[in-house]
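Scope of the values below: all heavy atoms of this structure, side chains included, with no hydrogens, waters or symmetry mates.
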Amino acid sequence: MSTLSWGFFIVLSVSAIFIALGVPVGPLLAVGILFGIVFAFRYTYLSFYLGLLFTPFLGFIISIPTGEHAFGKRANRGAIDISVAEAVLLVALAVWAMKIFLLWVRRHDVNWRPRLPLARSYASLVAAHLLSAFSPLEPDPVLTTKFALRPVLFCYLAYIALPVNLLRSRRRLIAALGVLAAVGTFAALNGAVSLFFVGPESQFLRRAHPLPIFGIPALGDNHNLLAELLAATSFITIALAHLTRDGRSKRLLLGSAALQIVVGLLTFSRTVWIVFAALGAVLAALEYRHVLRRHLAFILAALLLALPLVGAMVRIGFSTVAQSSTSTRFALLEIAGEVFQSSPWLGGGAGTFVDRVGSAYIFRLEYGEPLDSHGVIQKLAAETGVIGLAAFAAVVISFARLMLLARKKFPDGPDRHALLFLTLAAAGAVAYQLFNTNYWTGKMWLPIGLAVAASFALRDKGGKADRAREPV
């Protein structure tokens, strides 16, 4: 009864808000929310795993019209667009909050005591987005506040806080990594199949790109989005292989990781080649120098065999399409620089960059529809200024420091190696967003949350967390 009471309270509150905004699907939405909350309360971990499963599928979108209400039109421009993953994780967040109150506050169950790592540095990032509403460029305060809450604050709650608090044991962590390894394997197979079809990205050779699922570009509509996913899931799959004790499963996972890396390279995305090369160099310097020395001849032979791929990559880099893409990015960088110079401390306002690009007549004339900044640094500089850049740097430094301290607590062994590969997955996700536009999605923040969760879940050698009493 307590569960149902909380569920009805939340449903009625949300329904009242939507009805006040004139949403025509209020009753149906209310039933859906009620069902989701009851299901997630009973099957909390299953709901969370479903959220993880759908996180890379950004093309699966739910659009909720807000009606003719002025506030709905102003804040959401007539409709609330939310991905299936965000909807599932939003319900999981609501249930997590309910269980904190019911199980920790009222029953003092320590298993539900909330952990909020990186909270201080991330709070400064949210604050920087809120402060941008006071920019001298006079952005709409409603839109900047909305952007600061969703997606900025939501990314922390859904992709960092939720994984850290629900993946408290080795078993739960392995299950979550298994979900993403399966998604990475599916995406790699999808990209491999695409090599047999002439797609829009094909030039003088075929490059791996995501194929539509049921007619929907769920994994994206170009090769960069497929490469972006594989840059993280390949390292997550290797981390899972280190945590797996079964020899056959370990070999299958390593084979899947190799497939993901190869398909990632076959996308011929310049960014993924840079990310793989940089992370490979870091990995070799930190842990595998002895492997390099022992298998130097084999590695040199593999590099020689890869020379045709390198040649193809160089040729693509000088192609007309690549030069056009580079030209577009420089134009966006120039616009970001102009906005930053106009308001260096507070930026031009959170979530306003695309509108400013749209107002640039020359850009629309030469490049077509306005685009978001292809790089998180330019995005933050243009929208939140120096304060936002400093806050983002604080988040990255706090994460690096947390992972470095956690790594020192692990003796040499599978858990230490798994933590390293999860850290590299997070580093790859962040590095990719230096050149892409999915910086406020789970593609960037979920690998960070998984790495932080692993630093806690694997801390006790011998699986003490597995023996701890877990809530239903």
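No more than 12 heavy atoms of other residues, nucleotides or ligands shown are found within 6.0 angstrom of CZ on Arg107. Counting non-hydrogen atoms of other residues, nucleotides and ligands closer than 6.0 Å to CZ of Arg401 gives a total of 12 or fewer.
Taking the ring centroids of Phe399 and Trp445, they lie at or beyond the 6.0 Å cut-off. In this structure, Phe268 has its ring center at least 6.0 angstrom away from the ring center of His223.
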### Task
For side chain to side chain contact (heavy atoms under 4.5 Å, CB included), just list the numbers for Tyr45 and Leu166, CA-CA rounded to whole Å, side-chain angles, deciding distance to a tenth of an Å, and then say yes or no.
CA-CA 7 Å; Tyr45 294 102; Leu166 293 186; 4.1 Å; yes
### Task
Output, in order, the C-alpha distance, side-chain angles, deciding distance and verdict of side chain to side chain contact (heavy atoms under 4.5 Å, CB included) for Ile82 and Arg150.
CA-CA 10 Å; Ile82 183 171; Arg150 180 184 176 271; 3.8 Å; yes
### Task
For Phe235 and Leu240, run side chain to side chain contact (heavy atoms under 4.5 Å, CB included): C-alpha distance rounded to whole Å, both residues' side-chain angles, the deciding distance at 0.1 Å, then the answer.
CA-CA 9 Å; Phe235 288 96; Leu240 179 60; over 6 Å; no
### Message
Assess the residue pair Leu177 and Leu450 against the criterion (side chain to side chain contact (heavy atoms under 4.5 Å, CB included)); give the C-alpha distance rounded to whole Å, side-chain angles, the decisive distance to 0.1 Å, and a yes or no.
### Response
CA-CA 8 Å; Leu177 298 182; Leu450 290 175; 4.2 Å; yes
### Task
Determine, step by step, whether Thr185 and Ser256 satisfy the side chain to side chain donor-acceptor pair (under 3.5 Å) criterion, reporting the C-alpha distance in whole Å, the side-chain angles of both residues, the deciding distance to 0.1 Å, and the verdict.
CA-CA 6 Å; Thr185 304; Ser256 172; 2.5 Å; yes
Taking distance alone, no hydrogens or angles, what donor-acceptor pairs closer than 3.5 Å link side-chain atoms of residues 388-395 to residues at least two apart or in another chain?
none

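Taking both residues in full, the closest heavy atoms of Ser47 and Ala40 are given as OG-CA, 3.2 Å, listed atom of the first, atom of the second, then distance. Closest approach of Leu225 and Gly220 over heavy atoms only: CD1-CA, 3.4 Å. Contact detail for Leu195 and Arg206: the closest heavy-atom pair is O-CD, 3.0 Å. Nearest approach of Ile62 to Ala87, heavy atoms of both residues: CD1-CB, 4.1 Å. Residue Pro117 comes nearest to Leu402 through the heavy atom pair CB-CD1, 4.1 Å, listed as atom of the first residue, atom of the second, then distance.
With Lys379 contributing its side chain and Ser373 its backbone, the two residues share no donor-acceptor pair below 3.5 Å. Using a distance-only test at 3.5 Å, with no hydrogens or angles considered, a donor-acceptor pair links the side chain of Arg168 to the main chain of Asn165. Listed for the Ser132 side chain is a donor-acceptor partner under 3.5 Å among the backbone atoms of Ala350. Put simply, the side chain of Thr441 gets close to the backbone of Asn438: a donor and an acceptor are under 3.5 Å apart. With hydrogens and angles ignored, the 3.5 Å screen pairs a side-chain donor or acceptor of Thr55 with a backbone N or O of Gly51. For Arg329 (side chain) and Phe435 (main-chain N/O), a donor-acceptor pair under 3.5 Å exists by modelled atom type. Between the side chain of Ser194 and the main chain of His209, a donor-acceptor pair closer than 3.5 Å is present. Judged purely by atom type and a 3.5 angstrom limit, Asn436 has no side-chain atom pairing as donor or acceptor with the backbone of Tyr439. Judged by distance alone, with hydrogens and angles left aside, the side-chain atoms of Arg172 form no donor-acceptor pair with the main-chain N or O of Leu167 at under 3.5 Å.
The aromatic rings of Phe147 and His129 lie parallel to each other, their planes meeting at an angle below 30°, with 60° marking the opposite boundary.
With hydrogens and angles left out, the side-chain atoms of Ser249 and Thr244 include no donor and acceptor closer than 3.5 Å. Counted by atom type alone, Glu383 and Thr352 present zero donor-acceptor pairs between their side chains at under 3.5 Å. With no hydrogens or angles considered, a side-chain donor-acceptor pair links Ser269 and Asn224 at under 3.5 Å.
In this structure, the side chains of Phe410 and Leu419 come closer than 4.5 Å at one or more pairs of heavy atoms. Leu230 has its side chain out of reach of Ile261: every pair of non-hydrogen atoms, C-beta onward, lies at least 4.5 Å apart. A heavy-atom distance below 4.5 Å is found between the side chains of Trp96 and Pro114. Residues Phe276 and Val272 form a side-chain contact, since some pair of their non-hydrogen atoms from C-beta on lies under 4.5 Å apart. Under the 4.5 Å side-chain criterion, counting only non-hydrogen atoms from C-beta, Val354 is not in contact with Leu371. Two residues are said to be in side-chain contact when any heavy atoms from C-beta on lie closer than 4.5 Å; Val110 and Trp104 fail this criterion. Within the 4.5 Å cutoff, no side-chain heavy atoms of Asp372 are placed close to those of Val357. Looking at Cys155 and Tyr122, their side chains come closer than 4.5 Å, going by heavy atoms from C-beta outward.
Interatomic distance, Arg407 CZ to Leu405 CG, rounded to the nearest 0.5 Å: 12.0 Å. Distance check, rounded to the nearest 0.5 Å: CZ of Phe54 to CZ of Phe57 gives 7.5 Å. Rounding to the nearest 0.5 Å places CG of Leu162 at 9.5 Å from OG1 of Thr44. With values rounded to the nearest 0.5 angstrom, Ile160 atom CD1 is found 10.5 Å from Leu116 atom CG. Note: Ile335 CD1 to Phe353 CZ = 5.5 Å, rounded to the nearest 0.5 Å. Atoms OH and CG, from Tyr156 and Leu118 in turn, are 6.0 Å apart once rounded to the nearest 0.5 Å.
Using a 4.0 Å cut-off between charged side-chain N and carboxylate O, Asp109 and Lys99 make no salt bridge.
In this structure Tyr432 satisfies the ring pair (Phe, Tyr, Trp, His ring centres under 6.0 Å) test with no other residue, sequence neighbours excluded.
Exactly one residue among His242, Arg459, Arg170 makes a side-chain contact (heavy atoms from CB on, under 4.5 Å) with Asp415. That residue is Arg170.
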